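Because the structure is predicted, anything quoted here is derived from the model rather than measured. For ligands, and for the atoms within them, numbers begin at 1 and follow the listed sequence.
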Amino acid sequence: MPVAKPESSDARVIAHIDMDCFYVQVEQRKQPNLRGQPTAVVQYNSWKGGGLIAVGYEARKFGVKRSMRGDEAKKICPEIRLVQVPVARGKADLSVYRNAGSEVISILSGKGRCERASIDEVYLDLTEAAETMLTEHPNGILDLINEEAIKSHVLGLHLDDHNARDCVREWFLMNNGDHRDKLLACGALIVTELRLEVLKQTEFTCSAGIAHNKMLAKLTSGMHKPAQQTIVPFSSVKKFLEPLPIKKMKQLGGKLGTSLETELGVNTVGDLLQFSEESLQERYGRNTGTWLWNIARGICGEEVEGRLLPKSHGSGKTFPGRQALKTLPSVQKWLNELCEELSERLQSDLEQNKRIAHTLTLHASAYKLNDSESLKKFPSKSCALRYGSTKIQEDSFSLFHAGLREYIGVYNVKTKGSNQHEWAITGLSVSASKIVEIPSGTNSITKYFHNKDQSGTARKESDYVFTNDAASSSSSGHGSFKQLHLAGPEIAPCEDEAKTQQDGLYPRENETEVSKDSVFGTNFADNQPLSFFQMKEQKERLEEEILSSSSLGVQSWVGSKPTQSNMEFVEEVSGLDMKSGKQKRKFDSEKRTTPSILRFFHSNVEASSSSDVQATTDECKCDSGEDVLRRSNSWNYKSDEIDPVVLNELPPEIQAEVRALLLQPQNQAKTVKRGSSIVHYFLPKKNS
Ligand code: TTP
């Protein structure tokens, strides 16, 4: 885990850009007559006027808040214009907002490394651009300071009310300022330009924080809204951070923050300053301790990732109150809808960006009808993702079954037509993660796999390796659905939505289906140093990744160790302590050296089953050609369908093997090499 180096990070220029009241702006652009009017975007569910998911600044002046329903908002602001979120498949369709976000990204990404952090937030690393500006203007940046820049808020600057603008102008000019401040000033000018350009091209306003690191930029971008920017000079950091509630800090909204509050009496960032690095390390471990010590001092070494596309895709919906799903068919119906949407988005990601997702995860929130006190959460489940809407639907339903069995604690959940009235589902979501770019030259195989997927045979339940999704066990609050409140103590079994809403027991509809995190992508990584809890999460994810791969019976995943069985390797890594750097490095290097095309195959190949994993292990012991054939017969090929470009990407020994198979598939089955994985993809049907 990287620990921040104050010397180097001080001189960086990072901006966090946040669109103002984004959904409202998008709607106002669609309907210009809404401009200047108090406006809010509501959920499509019209109960009590629908839940407000975005409130425009004009409406905020009347006291309208996101937590309200439309009817409530109308009482305090009778002229409010309520716009319903677009609907598709009986749920919110957020594509218009996603696309609007992409328009903005394409403008912002021109000036430096750009990380799309959510549907309406972006980080920019402007260090290089700021350095260049400084070099190109050795005599000062006076000419570049425009009216908009002078409206900036500079933390720690003592403003004289009468000549605030002059004070800010002086700060920009600061002839005696140190290099760090000069860089920040240049960064702020660049951000001003970018914001004006966004306004010109898209009609959207945005606000920004400009600082020496991501943490400070993010903390300040929302301080002055709308359409303003805040600059954080190095000298202002201590005073700015000290009074901040500890729970406001990224990563400290969850259990770690609570532990700091209750166990150490730390309520503000300033309180944390009393603790030495060693004492924090003793309590929370070396890395978390150092990370806490650093953030209290405004130090954060987290890099801006060059990423314009989401890390995952998700589709979810809540079923509050009477809408709760209590039968398997109703769950299946909604899962089908969600999966269709997910599949469409995966497909367009594949076509537009040549990216492919590897892991499918199902999250649900639930309560037990016969045990209202139960605090048990519905476990999230993951498996390797297979492309094609039908496959995703099928796999999601199986994941749901696995979760339900665990949730209700019995093993005889009926699969058809049952209405046990034991449980009720209040939220469902499916997400696709571990998205990677497909190496060039795989277009034809993509089509091939896609076709295969549509016609392939169904997986049996025993074919799945379920993994409890790490996000659900994340304590940091940065899991896939941080605003979803999936299950948990606050969800009570109640038939009457009005009552539960009143009691504040149900999560509001708007907190889920269209929550920022859930709609754009489920998990924009927080690339901060990991807390103890996140270490655990990371370890679980690592295991999950291995298990997912293993479930596909892909021995080649450990290509550099051809004699080692999958299962051995899984055990090795599953039992791996994250502290064991040697093993981790070994794993990492094996992962890196795995040919990309093989990774592509993993997620798409049909013959994936946990029994295959066992078979693969056994293969090393008894390696009869017939066994191999039997195990592989759910995959068949036509030699002319295999793209030679793809073949060329395979490691030489596999290429040789495949070429031999192509020439003599029948015979080759009997001579397949011990430990080879490619047979799982290319062997013919037994009788073909
Ligand atoms: P935010 O950036 O949190 O808020 P905002 O853009 O509406 O307003 P502000 O100017 O104060 O930043 O959310 C961005 C969009 O994400 C918001 O317009 C609507 C959507 N959203 C939800 O749908 N549900 C939620 O719970 C949140 C927080 C946001």
Side-chain angles (χ1 to χ4, degrees), residues 16-30 34 38-45 50-61 63-70 73 80 82-87 91-105 116-123 195 198-199 202-209 217-230 248 250 253 310 314-318 320 427 429 477-486 506-522 524:
H16 178 257
I17 306 205
D18 188 1
M19 306 305 297
D20 299 316
C21 200
F22 191 46
Y23 287 17
V24 171
Q25 286 206 75
V26 174
E27 294 301 334
Q28 286 176 333
R29 186 174 72 170
K30 272 201 287 186
L34 294 177
T39 308
V41 177
V42 293
Q43 266 286 15
Y44 65 94
N45 176 340
L52 270 53
I53 55 171
V55 180
Y57 284 89
E58 292 84 359
R60 290 185 203 190
K61 288 180 199 153
V64 178
K65 293 197 170 68
R66 198 185 337 240
S67 54
M68 294 176 175
R69 292 244 153 208
I80 193 165
L82 300 175
V83 187
Q84 198 190 52
V85 79
V87 177
K91 61 183 285 300
D93 175 10
L94 304 164
S95 39
V96 61
Y97 309 120
R98 270 188 221 107
N99 296 341
S102 301
E103 280 178 54
V104 176
I105 297 278
R116 191 172 188 176
S118 81
I119 198 161
D120 72 334
E121 285 171 275
V122 170
Y123 287 102
R195 287 179 35 239
V198 168
L199 183 63
T202 67
E203 301 174 32
F204 299 142
T205 66
C206 51
S207 299
K218 162 90 182 171
L219 278 171
T220 50
S221 62
M223 271 179 91
H224 298 99
K225 269 184 163 255
Q228 294 169 72
Q229 61 185 44
T230 306
K248 284 251 180 239
K250 198 170 159 196
S315 175
K317 180 168 169 62
T318 48
S429 89
H478 292 282
S480 315
F481 267 69
K482 78 176 169 194
Q483 307 192 43
L484 191 55
H485 307 308
L486 286 173
Y506 262 101
R508 300 257 175 171
E509 197 170 15
N510 62 349
E511 287 173 316
T512 58
E513 183 179 316
V514 284
S515 79
K516 284 179 84 172
D517 289 9
S518 62
V519 296
F520 179 62
T522 46
F524 283 93

Considering the options F204, Y57, Y97, which one meets the ring pair (Phe, Tyr, Trp, His ring centres under 6.0 Å) requirement together with F22?
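The residue from F204, Y57, Y97 that satisfies ring pair (Phe, Tyr, Trp, His ring centres under 6.0 Å) with F22 turns out to be F204.
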From atom 8 (O) of ligand 1, work out which of R60, M19, Q43 has a heavy atom at the shortest distance.
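Looking at heavy atoms only, the winner is R60.
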Using a 3.5 Å cut-off on N or O atoms only, is C21 in polar contact with ligand 1?
yes
Say whether F22, considering both its backbone and side-chain N or O atoms, lies within less than 3.5 Å of an N or O atom on ligand 1.
yes
Tell me yes or no: between the side chains of [X] and [Y], is some donor less than 3.5 Å from an acceptor?
| X | Y | result |
| --- | --- | --- |
| E121 | H16 | yes |
| T202 | R29 | no |
| D20 | S207 | yes |

Are T39 and I80 side-chain neighbours, meaning at least one heavy-atom pair lies under 4.5 Å?
no
Which atoms of ligand 1 have any heavy atom of [X] under 4.0 Å away?
| X | answer |
| --- | --- |
| A54 | 18 (O), 19 (C) |
| K225 | 9 (P), 10 (O), 12 (O) |
| D20 | 10 (O) |
| D18 | 2 (O), 12 (O) |

Once you restrict to heavy atoms under 4.0 Å, what part of [X] touches ligand 1? Side chain, backbone, both or neither.
| X | answer |
| --- | --- |
| Y57 | side chain |
| I53 | both |
| V41 | neither |

What's the spacing between Q228 CD and T205 OG1 if we round to 0.5 Å?
10.0 Å
Pairing residues for K30 by the salt bridge (charged side-chain N to carboxylate O under 4.0 Å, His left out) criterion, not counting sequence neighbours
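Listed in chain order: E27.
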May I ask whether R66 has any heavy atom positioned less than 4.0 angstrom from an atom of ligand 1?
yes
Can you list the residues that meet the side-chain contact (heavy atoms from CB on, under 4.5 Å) rule with K248, with sequence neighbours excluded?
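In terms of side-chain contact (heavy atoms from CB on, under 4.5 Å), with neighbours along the sequence ignored, K248 is linked to P245.
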